[in-house]
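As structure tokens, the structure follows; a few thoughts come after it.
The structure displayed is predicted, hence computed values, not measured ones. Each chain gets a letter, A, B and so on, in the order the sequences are listed, and its residues count up from 1.
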Amino acid sequence: MTRPIAISDSANFYVSAERIFDPTLRGVPVIVLSNNDGCAVARSDEAKALGIKMGAPLHLIRDKVEAHGVRVFSSNYTLYGDISRRVVAVYEDYTPNVEVYSIDECFLDFGGLKDRVAHAKSMRHDVLRRVGMPVRVGIAATKTLAKCANDIAKKNPIFSGVLDMTDPTLADWLLPLVPVGDIWGIGRKTEGKLRRIGINSAADLRAMPLRQARAMGTVMLERTVLELQGEPCIAFDDVEPQRKGMAVTRSAGTPMLDFETVFEALTAHATRAAEKLRHHNLVAGTLTVFFHTNRHRADKPQYTGSRTTRLIPMTSDTFDLVAAAKRCALAAWPNTGEKLYAFTKAGVLLDDLLPFEQRPRTLFDVPRGSPRLMTALDQVNKRFGKKTLILASEGMSRSWQLRADHRSPRYTTRISDLPVVR
DNA sequence: TCTGGGGTCCTAGGACCC
DNA sequence: TCTGGGGTCCTAGGACCC
């Protein structure tokens, strides 16, 4: 038999992270908003019970929020990232192999254990005691089955947060309980297709002929069927893969009406992208810029601008990226009258990433950009705080900057954010 | 008034080659 | 009259994930 895999995920991760430091949030409805305070992306159980859906726009649920005194937070990624690292550190005490899958989920190698359930339970208690984060664990022969087990444990308190579904007989009993749309890898479109032919649960999908799965979906659907049958197709992978692209995109707090403002935002995004590249010791070969108007406003003029350019030689230099972004933005700018469009979102995408050492050299490999200046820039901004040194083209008005009206203190990473106790 | 951000993988189809 | 076949590479777009 293959090595059992566990997946551990945090309950309502962002909300639980907020609750660690503010006990008054426990037992009451809490939501955490997406960037720009747009949508609810995390909800406490109490908020879910009020009927607040995942991704609900704040302006559409305002009444409910006010009527029930829902506590509202802007997202505080600095805090969540730090809590996530602490949770992973506990997992690492319980298994030699951890695959960090997302900010709140890890796959764990649970091979060679005598009593997997006891092991998972003590891990769970330890995460709660040492970090304050409630987690749930699903265990099975494949990743997809482990996700199913986790889903069942989440919805049925009888399992106390741990379900080991390694036993096939148990899987026979439980898989009919998992709706087909809740299976890992089955999204809205595929769910629709499957339900139309009478496949409604994980047990149904497991029984689907492979050829039919391949024909209806892609190899991905075929793989999902095999995984449900207990045959691993998605490898356990605890080495971080080489990332292929990165993006910095933001909605604007207020609409951007002219080129200067859009370019200020793009300067900030390209600057941030360059910082991320240097932090990972990467260079990029392609840069794309885009900006668009509000798609939810059919009554307003719509425009999407987008241009891609090669970066030769490949670079992580802020000045190079900002210059390339400006060329793209100018080329994509609408040549109609100014201020016709209200742009609400802009972004910089980088592709063809390579480790700096593996970059292709030009004939004479003339040093490009200003590596020492970039090092100095990064050091100053690290020591004196983000955005201490910026390019002038980022501007000072920051009218495009996003809203975050409800952000909690960065309790674990910024001393000045800590509340003063008298 | 107000609707997120950052990823991965797969496929189809076009361009190009011999 | 009759006009191949089989590759590779690249890109755009779809679907999915959290």
Side-chain angles (χ1 to χ4, degrees), chain A residues 7 9-14 31-43 52-63 65 72-77 80-81 84 99-107 143-144 147 150-151 180-194 214-224 233-235 237 240-255 269 272-273 276 280 285-286 288 290 292-300 304 306 308 310 342 344-353 402-406:
Chain A
I7 181 145
D9 86 326
S10 305
N12 316 325
F13 181 70
Y14 296 171
I31 60 174
V32 177
L33 302 174
S34 61
N35 261 330
N36 219 24
D37 292 347
C39 306
V41 290
R43 306 150 296 150
I52 296 175
K53 299 275 183 250
M54 179 68 178
L58 179 61
H59 70 101
L60 294 183
I61 55 172
R62 187 76 76 177
D63 291 349
V65 164
V72 177
F73 289 86
S74 303
S75 32
N76 185 345
Y77 293 110
Y80 308 151
S84 177
E99 176 188 338
V100 178
Y101 176 64
S102 74
I103 195 163
D104 76 321
E105 284 179 67
C106 288
F107 288 106
K143 284 184 170 179
T144 305
K147 291 276 273 184
N150 186 284
D151 186 61
V180 73
D182 290 0
I183 299 167
W184 192 43
I186 306 297
R188 235 182 43 247
K189 297 271 184 184
T190 311
E191 179 188 7
K193 285 188 202 167
L194 290 168
R214 179 82 182 241
M216 168 176 281
T218 62
V219 290
M220 306 293 275
L221 185 59
E222 189 181 15
R223 255 180 235 168
T224 299
C233 300
I234 306 168
D237 191 4
E240 208 171 312
Q242 160 74 49
R243 64 149 91 197
K244 294 170 180 164
M246 69 167 62
V248 179
T249 71
R250 292 284 181 280
S251 295
T254 49
H269 302 341
R272 177 73 196 120
K276 280 165 76 175
H280 292 98
T286 307
T288 301
F290 77 84
H292 63 70
T293 47
N294 186 349
R295 284 163 187 166
H296 302 284
R297 296 297 303 271
D299 54 320
K300 297 262 178 79
T304 296
S306 165
T308 300
R310 292 264 176 208
T344 53
K345 187 169 181 177
V348 171
L349 315 170
L350 300 176
D351 277 296
D352 303 333
L353 307 188
L402 41 79
R403 263 187 305 275
D405 296 336
H406 314 279

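As judged by a 4.0 angstrom heavy-atom cut-off over every strand, Ile183(A) is placed among residues touching the sugar-phosphate backbone only. Here Tyr101(A) lies in heavy-atom contact (under 4.0 Å) with sugar-phosphate atoms only. Arg295(A) comes within 4.0 angstrom of nothing in the nucleic acid, heavy atoms only. Across all strands, Ile186(A) comes closer than 4.0 Å only to sugar-phosphate atoms, never to a base (heavy-atom distances). When heavy atoms are screened at a 4.0 angstrom cut-off, Arg310(A) is found touching the sugar-phosphate backbone but no base atom. Contacts of Lys147(A) with the nucleic acid, taken as non-hydrogen atoms under 4.0 Å apart, involve only primed sugar atoms and P, OP1 or OP2. Counting non-hydrogen atoms under 4.0 angstrom, Arg250(A) reaches the backbone sugars and phosphates but no base.
Remark: Arg243(A) is not in phosphate contact with dG6(B), judged by side-chain N or O atoms under 4.0 Å from OP1 or OP2. The side chain of Thr249(A) contributes an N or O atom lying less than 4.0 Å from OP1 or OP2 of dG6(B).
Shown here are the salt bridge (Lys or Arg N to Asp or Glu O under 4.0 Å) partners of Arg297(A), two or more places apart in sequence or in another chain: Asp299(A). Scanning for side-chain contact (heavy atoms from CB on, under 4.5 Å) contacts around Val180(A) gives Ile183(A), Glu191(A), Leu194(A), Arg195(A), Ile199(A), Leu205(A), with sequence neighbours left out.
Between Ile61(A) atom CD1 and dT3(B) atom C1' the separation is 11 Å, expressed in whole Å. With rounding to whole Å, His292(A) atom NE2 is found 9 Å from dG4(B) atom P. Nucleotide dG5(B) holds its C1' atom 12 Å from the CD1 atom of Ile103(A), rounded to whole Å.
In this structure, Gly217(A) and Met246(A) both approach DNA chain B, and ranking their closest nucleotides by distance from the 5' end singles out Met246(A).
Using a 4.0 Å cut-off between a side-chain N of Lys or Arg and a carboxylate O of Asp or Glu, Arg310(A) and Asp352(A) qualify as a salt bridge.
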